[in-house]
Amino acid sequence: MRNGFIILIADRNRNVRDLLRRELESEGYQVRLASDGRRVLRIINSDESPDLLILDLEMPYVGGLEILERLEDRESPLPVVIHTFFSEALDNPAVNRASAFVEKTGNNIDYLRSVVEEVLKKYYPRRFALIKESNKRTAKTFVLQTQNATDSSPS
């Protein structure tokens with residue numbers, strides 16, 4: 001099921017990008033990937049800007065802190081979940097304005113998924129509610145179709 005939200009995953013590590021992409025796509029999100037800060041800036045300034053950015057602070061070419069500072073000048077806010085190793089950059093005011101911080105560890109993908117959902121719910125409450133209601137109707141229709149197919153199959 002598609003949920004209509006576009007998430008940009010910005011991480012220098014291909015393995016991390018691929019893991020997060022698989023996990024978030026399995027939840028129905030549309031995912032874009034960026035391996036460096038220049039690509040992040042191109043994507044967020046495009047016509048198909050994401051609804052949420054998952055950002056590693058250690059990005060090549062244009063660093064995560066600079067990306068955060070550039071986001072402050074946007075007309076429409078872009079929620080950011082910082083997903084990075086614990087860093088001294090946490091004292092930076094731009095980092096403190098991010099929507100959430102999730103420290104990279106080997107076993108917190110479930111936590112990251114829940115943070116993403118909570119941030120989307122906070123920034124897009126109406127849209128989030130409409131998508132959830134649509135998903136419920138779709139699931140109910142699927143169950144009814146499955147029951148009807150089972151009921152009408154020869155015994």
Side-chain angles (χ1 to χ4, degrees), residues 1-59 62-87 89-105 107-144:
M1 269 183 278
R2 287 278 179 215
N3 66 26
F5 287 107
I6 299 172
I7 298 176
L8 173 57
I9 298 169
D11 197 290
R12 68 189 184 281
N13 184 311
R14 181 176 45 88
N15 295 324
V16 172
R17 288 192 310 272
D18 289 345
L19 170 69
L20 296 181
R21 177 188 50 79
R22 279 191 310 272
E23 293 294 327
L24 293 171
E25 282 180 346
S26 74
E27 296 291 317
Y29 298 109
Q30 297 175 49
V31 176
R32 307 289 183 271
L33 302 175
S35 60
D36 65 67
R38 291 184 297 209
R39 178 126 173 86
V40 171
L41 294 174
R42 276 196 303 272
I43 292 171
I44 63 175
N45 292 317
S46 73
D47 290 338
E48 285 197 29
S49 182
D51 299 302
L52 180 121
L53 169 61
I54 298 175
L55 178 66
D56 180 8
L57 293 179
E58 299 296 322
M59 297 294 292
V62 179
L65 292 176
E66 185 175 342
I67 292 168
L68 289 171
E69 289 167 2
R70 290 189 188 190
L71 286 173
E72 291 176 15
D73 298 331
R74 280 177 56 103
E75 268 184 50
S76 57
L78 175 64
V80 178
V81 174
I82 295 174
H83 184 243
T84 197
F85 292 107
F86 188 74
S87 160
L90 295 178
D91 295 332
N92 186 295
V95 171
N96 293 326
R97 286 189 292 275
S99 304
F101 177 88
V102 177
E103 185 178 2
K104 278 186 186 179
T105 64
N107 59 355
N108 69 348
I109 191 69
D110 291 332
Y111 178 65
L112 178 62
R113 275 196 301 253
S114 68
V115 167
V116 165
E117 183 174 328
E118 289 304 312
V119 170
L120 289 171
K121 195 182 298 184
K122 177 183 175 186
Y123 275 81
Y124 309 101
R126 183 173 159 83
R127 189 169 151 203
F128 192 86
L130 289 171
I131 289 169
K132 289 296 182 186
E133 183 59 34
S134 173
N135 286 344
K136 283 182 191 174
R137 283 194 304 270
T138 302
K140 187 175 182 179
T141 301
F142 176 76
V143 168
L144 290 173

- Task: List the steps and the verdict of side-chain contact (heavy atoms from CB on, under 4.5 Å) for N92 and L57.
- Result: CA-CA 11 Å; N92 186 295; L57 293 179; over 6 Å; no

- Residue list, salt bridge (charged side-chain N to carboxylate O under 4.0 Å, His left out) with E103, at least two apart or on another chain: none

- Note on the structure: Closest non-hydrogen atoms of I43 and A34, given as atom of the first, atom of the second and distance, are CD1-CB, 4.4 Å

- Partners passing side-chain contact (heavy atoms from CB on, under 4.5 Å) against N108 (at least two apart in sequence or in another chain): H83, V102, T105, Y111

- Spatial distance of atom CE (M59) from atom CG (N13) [nearest 0.5 Å]: 10.5 Å

- side-chain hydrogen bond (donor to acceptor under 3.5 Å, both in side chains) partners of D110, counting only residues at least two apart: R113

- Query: Looking at residues at least two apart in the chain, or sitting in another chain, which of them share a side-chain contact (heavy atoms from CB on, under 4.5 Å) with R97?
  - Reply: E72, P93, A94

- side-chain hydrogen bond (donor to acceptor under 3.5 Å, both in side chains): pairs with one or both residues in residues 31-45, sequence neighbours excluded: R32-E48

- Task: Might you point out which heavy atoms bring A10 and V40 nearest each other, and give the distance in Å?
- Result: CB-CG2, 3.4 Å

- In this structure, OG of S76 is separated from CG of L71 (nearest 0.5 Å) by 10.0 Å

- Item | Residues in side-chain hydrogen bond (donor to acceptor under 3.5 Å, both in side chains) contact with K122, at least two apart in sequence or another chain | none

- Message: For the CG atom of L68 and the CG atom of L55, what is their distance to the nearest 0.5 Å?
- Response: 5.5 Å

- Task: Identify, with sequence neighbours excluded, every residue that meets side-chain contact (heavy atoms from CB on, under 4.5 Å) alongside K121.
- Result: E117, E118, F128

- Query: For R127, what residues pass the salt bridge (charged side-chain N to carboxylate O under 4.0 Å, His left out) criterion, not counting sequence neighbours?
  - Reply: D51

- Item | Spacing of I54 atom CD1 and L112 atom CG [to the nearest 0.5 Å] | 5.0 Å

- Pairing residues for D73 by the salt bridge (charged side-chain N to carboxylate O under 4.0 Å, His left out) criterion, not counting sequence neighbours: none

- Can you run down the ring-ring contact (aromatic ring centres under 6.0 Å, His included) pairs that involve residues 3-25, sequence neighbours left out, and say none if there aren't any? F5-Y124

- Task: Under the side-chain contact (heavy atoms from CB on, under 4.5 Å) rule, what do I7 and L20 come out as? Steps first, then yes or no, please.
- Result: CA-CA 10 Å; I7 298 176; L20 296 181; over 6 Å; no

- Sub-4.5 Å side-chain heavy-atom contact between Y29 and V116: yes

- Sorted by chain and residue number, the side-chain hydrogen bond (donor to acceptor under 3.5 Å, both in side chains) partners of D56 (sequence neighbours excluded) come out as R12, T84, K104

- Residues passing the side-chain contact (heavy atoms from CB on, under 4.5 Å) test with L19, sequence neighbours excluded, are R22, E23

